[in-house]
There are 2 protein chains.
Amino acid sequence: MAQVKNNYQFEDMLQKHNLKKTAPRLRVLSMMYSKNTATSQPDLESVMNDIDRVTLYRILNVFEEKGIIHKVFDLNGTANYAVCHSDCQENHHHDEHLHFNCTVCKNVYCLNELNMPRLTLPAGFEAQGFTLYASGLCPKCSKKSAVKVN
Amino acid sequence: MAQVKNNYQFEDMLQKHNLKKTAPRLRVLSMMYSKNTATSQPDLESVMNDIDRVTLYRILNVFEEKGIIHKVFDLNGTANYAVCHSDCQENHHHDEHLHFNCTVCKNVYCLNELNMPRLTLPAGFEAQGFTLYASGLCPKCSKKSAVKVN
DNA sequence: TTATAAATACAATAATGTTGCATTTGTGTT
DNA sequence: AACACAAATGCAACATTATTGTATTTATAA
Ligand SMILES: [Mn+2]
Ligand SMILES: [Mn+2]
Ligand SMILES: [Zn+2]
Ligand SMILES: [Zn+2]
């Protein structure tokens, strides 16, 4: 599930990316690594409400640049942020996996295990990247609705 | 390419959906049907700048409800609106086609001809719908960049 | 022509995101 | 341990996108 990391590891991450070890950054890292879903910007903002909004945006931007997190818009156009699974690097992400948006709990899951189906596009179109979304019920919410029915 | 329709046909469309035939609505229809790409909200707003912004939002919302247009977020999270290809009805869209977002001209193309590859999700996930995006060069922009190179 | 519901225009407010700059802080060096 | 400086934060201002409420206007049916 969620990647478990301690504060020393977060400090290492920052250091490796030449980022200063600051309290706001460590808190953002800690929160995002504690979850197995992406975190929406509104959620981040309310949880981190004592950190200045602008600082939060700047932290998210620099983390994205460094390849620590990636940004994914859910099916309502809301920005969500998730920790990068693996080999993402500065300005070079590898995030072509399925994103699952639960219609009940609204969570966005990064399904890294699913590789993207390559398609042939109509003549003239030159694809550089693909993004695939699915919507529906996540495991938690499908379990709940099943209970309701029975 | 772009579906060609005249004003009488737009009036018919409105009538069939029990919408009053008003100048703002006819202009929005006319503009959207004249293009073969989706139109971004900022573009719509600047082109229709003499129509009240709120009116524009309400027109877009009611057109979407009625199945006349569908809303698609581009890879920057910007809302785009495109005419529905076919059998879309009130609160029941059939828009599971590839959306191609050109990285140069930023246009969003609805590639209706491409049917969605069905995937098997991890256990517990129940998919209700899929949305597939591609980014890269559209025919116009890939032609231009080819000329530059040669 | 008139009555009426629907649509538009306008005002106010909310949510999301950006820019500029003063202040604070982390970190390498003395 | 103290200093110097770049980096990061905090704050103010502003921009864009979107929603809600309400008065006014308009399309349409009687
Ligand atoms: Mn992801
Ligand atoms: Mn489409
Ligand atoms: Zn769920
Ligand atoms: Zn293009």
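Here is how names work: the chains are called A, B, and so on, in the same order as the sequence lines, proteins then strands, and each is numbered from 1. All of these numbers come straight from a predicted model, not from anything done at the bench.
When only modelled atom types and interatomic distance are considered, A:Tyr57 and A:Gln41 share a side-chain donor-acceptor pair under 3.5 Å. For the residue pair A:Gln15 and A:Glu11, no side-chain donor N or O sits within less than 3.5 Å of a side-chain acceptor on the partner.
Going from atom CE of A:Met48 over to atom C1' of C:dG17 covers 19 Å, rounded to whole Å. Following rounding to the nearest Å, A:Phe73 (CZ) and C:dG17 (C1') show an atom-to-atom distance of 11 Å. Taking atom CD of residue B:Glu64 and atom C1' of nucleotide D:dT19, one finds them 15 Å apart after rounding to whole Å. Rounding to whole angstrom units, CG of residue B:Asn61 and C1' of C:dT8 are separated by 15 Å. When the C1' atom of D:dA27 is taken as reference, atom CG of B:Leu14 falls 12 Å away, rounded to whole Å. One atom, CG of A:Leu56, and another, P of C:dA15, lie 16 Å apart when rounded to the nearest Å. Note: NZ (B:Lys66) to P (C:dA6) measures 11 Å, nearest angstrom. The separation between A:Leu60 atom CG and C:dT16 atom P is 13 Å, rounded to whole Å.
Formation of a donor-acceptor pair under 3.5 Å by the A:Lys66 side chain with backbone atoms of A:His17 is found in this model.
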#### Entry: salt bridge (Lys or Arg N to Asp or Glu O under 4.0 Å) assessment of B:Arg27 paired with B:Asp50
CA-CA 11 Å; B:Arg27 283 179 52 201; B:Asp50 53 333; 3.1 Å; yes
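Annotation: A:Tyr33 is in aromatic contact with A:Phe10 [ring centroid separation under 6.0 Å].
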### Task
Summarise how protein sits on nucleotides 6-17 of chain D as a single string, 5' to 3': B when a protein heavy atom is under 4.0 Å from the base, S for sugar-phosphate-only contact, - for no contact.
BBSBBBB----B
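Counting heavy atoms from C-beta on, the side chains of B:Met31 and B:Thr39 come closer than 4.5 Å.
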